[in-house]
Amino acid sequence: MTTETDAIPANFIRNMIEKDVADNKHNKLVATRFPPEPNGYLHLGHAKSICLNFGIAEEFDGWTNLRFDDTNPDKESEEYMSAIKRDVAWLGFTWKSLCYASDYFDQLYDFAVGLVKDNLAYVDSLSSDEIREYRGSLKEPGKESPYRNRSVEQNLTLLNEMKNGEHDEGEHVLRLKIDMASSNINMRDPAIYRIKKTHHYRTGDKWNIYPLYDYTHCLSDAIEGITHSLCTLEFEDHRPLYNWVLEKTQPEGRPEQTEFGPLNLEYTVLSKRKLIQLVQSGIVNGWDDPRLPTLAGLRRRGYTPDSIREFCRRIGITKSAAVIEMQVLENCVRDELNETAERRMAVLDPVKVVITTWPQDNVEPLSMANHPGNTDLGRRTVNFGRELYIERSDFEEVPPPKFKRLISGGEVRLRSAYVIRCDEVIKDRDGNITELHCSHDPDTLGKKPEGRKVKGVIHWVNAAEAIAADVRLYDRLFSRPDPLAEEDFTDAINPESLSVHENAFVEPSVADAAAGTRFQFERQGYFVVDDDATAAKLVMNRIVSLKDNWSG
RNA sequence: UGGGGCGUGGCCAAGCGGUUAAGGCACCGGGUUUUGAUCCCGGCAUUCGGAGGUUCGAAUCCUCCCGCCCCAGCCA
């Protein structure tokens with residue numbers, strides 16, 4: 001089924017691939033890869049890349065590999081790797097092969113030996129500080145290392161010794177012999193292997209040298225038969241190097257790199273380094289904190305995979321530095337959940353209402369639709385009784401203009417139930433409202449009241465059967481749209497990003513919903529049963545509020 | 001006069017020499033509504049960073065200018 005909203009909007013990469021296929025390039029194959037380093041959890045920025053890579057391959061009947069770019073054992077782990085696999089699968093994509101750059105270490109090494117033999121690579125013994133000095137600056141050319149003209153034999157011997165662990169970290173590095181005067185700094189004899197004696201989570205202690213990104217990535221793409229290597233803009237300057245390595249090592253069938261703009265979202269940060277900082281400093285509660293833009297966090301928050309894919313569809317793919325407003329994301333879940341989430345009533349900040357006209361032990365079962373528009377979602381029964389809870393904010397003694405909820409002496413509709421009138425406000429000695437005494441109009445169930453208009457409708461729960469719940473409300477993690485503009489971005493943390501309503505009540509039908517079940521609490525928003533919920537205590541997260549067009 | 005990119009309404013974004021310059025988000029009306037939600041209907045760029053030029057015709061081609069982003073890890 002393809003509707004207008006399912007259609008993938010045009011973008012320059014899709015146009016390019018469409019043309020490639022039409023031109024019979026790569027034999028009409030579209031093979032992509034999503035290549036994260038397992039050094040953190042996936043976030044919305046990765047979702048954009050995942051949707052692009054998997055989506056475009058799917059559209060042209062190609063395939064996509066999930067490849068772990070695991071060439072830096074200092075930062076990588078099994079935990080991150082499994083989290084990444086789970087998140088990609090959760091988003092709804094299926095990879096053709098699960099690949100690891102570390103699986104190519106032997107081949108990569110062989111290619112390196114070949115480059116040395118072709119006099120296109122050499123072992124440099126300058127220190128890292130010296131290499132930086134020799135590299136020159138953005139405006140000045142670099143100069144050649146005194147080790148640049150070692151013989152092939154010497155280089156071969158040294159490289160072999162590096163591999164065998166005969167040298168310490170930092171002593172040598174294998175460099176490509178390109179052009180120290182290049183205006184592109186990436187071409188000034190980039191290092192492709194460094195000595196590192198760290199234990200690798202997959203290859204263990206087998207290697208004493210590890211290949212670097214620029215050398216590894218293009219070759220991994222070529223080894224896997226990738227046709228279109230899509231990455232973010234910051235790698236644009238690396239493309240000449242990507243192509244150089246492939247030209248020197250791959251006779252044919254070379255993949256091509258194309259860059260697109262990374263995702264930026266207001267009021268949050270999308271960089272693994274920053275997210276790691278938030279997690280490790282304890283500013284948030286782990287990688288799946290519902291305030292985080294990580295896929296694990298969004299999942300726990302209650303976002304659906306479809307809503308995230310829809311978000312990626314709506315934001316598009318370009319090369320401009322886009323900063324997306326949060327409402328775009330929020331609107332995606334709302335659109336979906338409005339269709340799919342069953343309605344329930346919940347009172348977050350309760351105040352007791354006593355229906356003085358209702359007999360003490362009278363219980364009346366009321367049938368309510370689970371969805372206002374979709375009868376397939378069925379109905380449920382909620383019992384009406386003498387004592388109820390309503391939202392404290394739904395009553396005002398001194399109502400603001402246009403207030404259409406309950407006021408002293410005024411009437412309001414209890415959703416799917418009766419119209420009530422507030423007759424008396426009971427307060428404690430501090431003046432806090434403790435109870436509202438109301439009378440109901442028995443002739444208003446399922447029908448409009450006679451001879452007058454009641455403008456407001458408010459939600460309620462029956463005190464006799466309400467279930468207590470902790471309801472967690474989330475706000476944006478940062479209080480400014482561009483937290484990175486702050487000297488220290490953590491200074492921009494919103495201190496009120498989480499607020500918990502510990503005395504909330506929900507209607508009984510919510511009680512046995514499994515973790516992950518989503519509801520719309522009428523008039524409030526969409527909520528999900530949190531993983532912390534137990535038989536003894538229900539815990540719910542607000543995914544997103546309802547739109548509120550009331551300017552009062 | 002280091003190199004590489006980008007500039008279409010508040011935020012995204014289609015557009016690829018001839019269209020009344022798509023669409024979404026946001027916003028502003030108005031209607032329906034037992035959710036101030038949803039839904040519906042209407043509004044929202046005489047103009048595409050600026051100035052010149054080419055052309056019968058320019059957001060689309062050329063020139064210059066302006067603004068913004070990225071790059072000097074033995075990170076990815």
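Scope of the values below: all heavy atoms of this structure, side chains included, with no hydrogens, waters or symmetry mates. The sequence lines fix the lettering, A, B, ..., with proteins before strands; numbering per chain opens at 1.
At whole-Å resolution of the value, CZ in A:Phe235 and C1' in B:G73 are 12 Å apart. The distance between atom OH of A:Tyr210 and atom C1' of B:C74, rounded to the nearest whole Å, is 14 Å. A:Tyr122 places its OH atom 12 Å from the P atom of B:C74, with the value rounded to the nearest Å.
Residue contacts shown for A:Lys447 include a base, since a base heavy atom lies under 4.0 Å away. Within 4.0 Å (heavy atoms only), A:Arg343 reaches at least one base atom of the nucleic acid. Looking at heavy-atom distances under 4.0 Å, A:Asn11 makes contact with sugar-phosphate atoms alone, never a base. Residue A:Ile131 is classed as a base contact, given a heavy-atom separation below 4.0 Å to a base. Contacts of A:His217 with the nucleic acid, taken as non-hydrogen atoms under 4.0 Å apart, are absent.
A donor and an acceptor atom never sit less than 3.5 Å apart when one is taken from the side chain of A:Glu140 and the other from the base of B:G2. Between the base of B:G3 and the side chain of A:Asp237 there is a donor-acceptor pair shorter than 3.5 Å.
Remark: the separation of the P atoms in B:A26 and B:C71 is 33 Å, to the nearest Å. Using P as the reference atom, B:A72 and B:A13 are 25 Å apart when rounded to the nearest Å. One C1' atom belongs to B:U19, the other to B:U32, and the distance between them is 35 Å to the nearest Å. B:C48 sits 16 Å from B:U20 when the C1' atoms are compared, rounded to a whole Å. Rounded to whole Å, the C1' atom of B:G50 lies 25 Å from the corresponding atom of B:G18.
For the residue pair A:Ser229 / A:Arg33, a side-chain donor-acceptor distance below 3.5 Å is found, with atom types taken as modelled.
Relative to the side chain of A:Ile315, the nucleotides B:G36, B:G3, B:C12 differ in distance, and B:C12 lies closest. The side chain of A:Leu138 lies closest to B:G2 when the candidates are B:U35, B:U34, B:G2. Listed nucleotides B:G3, B:C25, B:A72 differ in distance to A:Ser183; the shortest reach to its side chain belongs to B:G3. Checked against B:C25, B:G2, B:A76, the side chain of A:Lys139 finds its nearest nucleotide in B:G2. Closest to the side chain of A:Ser320, out of B:C6, B:A37, B:A76, is B:C6. When the nucleotides B:C75, B:G36, B:A37 are ranked by their closest atom to the side chain of A:Arg405, B:G36 comes out on top. Here the nucleotide nearest the side chain of A:Arg415, chosen from B:C75, B:U34, B:C12, is B:U34.
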With pairs defined as Watson-Crick or G-U wobble and both distances under 3.5 angstrom, please note down RNA chain B as a dot-bracket string, | for pairing with another strand.
.(((((((.[[[..)..(....]]].(((((.......))))).....[[[[[..)....]]]]])))))).....
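In this structure, A:Phe311 has its ring center at least 6.0 angstrom away from the ring center of A:Tyr303.
The stretch residues 454-461 of chain A comes close to RNA chain B through A:Val457, each having a heavy atom under 4.0 Å from the strand.
Between A:Arg135 and B:G2 there is no side-chain polar atom (N or O) within less than 4.0 angstrom of OP1 or OP2.
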